[in-house]
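Only one structure is covered here, and it is reproduced in the block below.
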Amino acid sequence: ETGVTQSPTHLIKTRGQQVTLRCSSQSGHNTVSWYQQALGQGPQFIFQYYREEENGRGNFPPRFSGLQFPNYSSELNVNALELDDSALYLCASSLGQGLGNEQFFGPGTRLTVL
Amino acid sequence: AQSVTQLGSHVSVSEGALVLLRCNYSSSVPPYLFWYVQYPNQGLQLLLKYTSAATLVKGINGFEAEFKKSETSFHLTKPSAHMSDAAEYFCAVTPGNFNKFYFGSGTKLNVKP
């Protein structure tokens, strides 16, 4: 059974650029959630996708957007990058709609915005 | 509004001593509550979760937590700390409609030999 994988592991961008982060969910899981973890803080919920549709969103602006594909993998897109977007981005997969089920986390993508 | 507060950003215990990590929550609807652990440069791993069944929840690695509605608390305990328990611990809550998820700011546990 393959766990949650994320790519790339590290990324450096400049302010104003756009970035796409990728996540492959654990086998059999149909739900993917994304989190932003700034240095020294707890993860902040960005949004969740269930069966290719957004199914819950945290307090993030529209320049944070996502996709889920038929194989349940997912992308997080961030437009017009700001310095404060520098963080570890975590993807988690689970089975079933909603956030009450156990989430399995990937190792994260470290994004640095210069 | 929903939120999670973890008291103490750093906790230090001796090996073999009791571990107590504090978590208080606020939720306008009956919540599910979770404890996750994060080792350096790794993702988060679920320790245990409360889902409105038994108020005392047992998790992996000897950890347990008790849901106390009157105190809005969900503190994490382990009777005897091991060196391998050194990590950062996060309390989290999702309200009953399960479309949001809130983590606390985390507590780093240091275990001294």
Side-chain angles (χ1 to χ4, degrees), chain A residues 2-10 21 23-26 29-51 53-60 66 87-110, chain B residues 1-10 21-25 27 29-53 57 59-60 67 74 76 87-109:
Chain A
T2 306
V4 178
T5 60
Q6 294 185 242
S7 63
T9 53
H10 293 84
L21 309 182
C23 171
S24 291
S25 59
Q26 184 164 309
H29 286 181
N30 52 15
T31 302
V32 172
S33 302
W34 286 92
Y35 296 84
Q36 179 195 68
Q37 186 176 20
L39 200 60
Q41 297 182 23
Q44 300 286 314
F45 172 64
I46 303 175
F47 43 55
Q48 180 187 68
Y49 278 83
Y50 171 69
R51 292 186 175 180
E53 292 196 3
E54 189 176 290
N55 183 50
R57 190 179 181 95
N59 295 324
F60 281 81
L88 180 68
Y89 288 84
L90 296 167
C91 165
S93 75
S94 56
L95 181 61
Q97 186 176 10
L99 291 154
N101 305 305
E102 179 175 0
Q103 298 180 72
F104 293 80
F105 283 80
T109 294
R110 174 75 62 187
Chain B
Q2 281 69 229
S3 70
V4 180
T5 302
Q6 292 185 240
L7 293 176
S9 58
H10 291 81
L21 304 182
R22 299 179 185 275
C23 172
N24 288 88
Y25 70 92
S27 178
V29 295
Y32 280 13
L33 294 156
F34 306 79
W35 275 99
Y36 279 86
V37 60
Q38 186 175 35
Y39 296 98
N41 301 314
Q42 295 186 28
L44 288 86
Q45 180 185 11
L46 180 67
L47 282 176
L48 50 81
K49 74 174 186 178
Y50 166 77
T51 61
S52 74
V57 182
I60 62 171
F67 173 71
F74 190 58
L76 181 71
E88 189 159 19
Y89 293 79
F90 293 93
C91 182
V93 62
T94 182
N97 53 6
F98 307 134
N99 64 356
K100 305 281 187 190
F101 205 86
Y102 303 91
F103 279 95
S105 54
T107 297
K108 287 186 179 176
L109 176 66

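Below, chain A is the first sequence line, B the second, and so on; all start at residue 1.
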Quick one: pull up [atom1] in [X] and [atom2] in [Y] and give me the separation to the nearest 0.5 Å.
X: A:Asn101; Y: B:Thr51; atom1: CG; atom2: OG1; answer: 10.0 Å
X: A:Gln37; Y: B:Leu44; atom1: CD; atom2: CG; answer: 6.0 Å
X: B:Tyr36; Y: A:Glu102; atom1: OH; atom2: CD; answer: 6.0 Å

Answer with side chain, backbone, both or neither: which region of B:Gln38 has an atom nearer than 4.5 Å to a non-hydrogen atom of chain A?
->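 The side chain, not the backbone.
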Of the backbone (N, CA, C, O) and the side chain (C-beta and beyond), which part of B:Phe103 lies under 4.5 Å from a heavy atom of chain A, both, or neither?
-> both
Are more than 12 heavy atoms from other residues, nucleotides or ligands located less than 6.0 Å from atom CZ of B:Arg22?
-> no
Under 6.0 Å from the CG atom of A:Leu39, do we count more than 12 heavy atoms belonging to anything else shown?
->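 Atom CG in A:Leu39 is not packed in, count stays at 12 or less.
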Taking the side chain as every heavy atom from C-beta outward, state whether B:Phe101 and A:Ser33 have any atom pair closer than 4.5 Å.
->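 No, every pair of side-chain atoms sits at 4.5 Å or beyond.
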Can you tell which part of A:Tyr50 gets under 4.5 Å to a heavy atom of chain B, answering side chain, backbone, both or neither?
->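 Neither part, no heavy atoms under 4.5 Å.
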What parts of residues 87-96 of chain A touch chain B if we use heavy atoms and a cut-off under 4.5 Å?
-> A:Leu88, A:Leu90
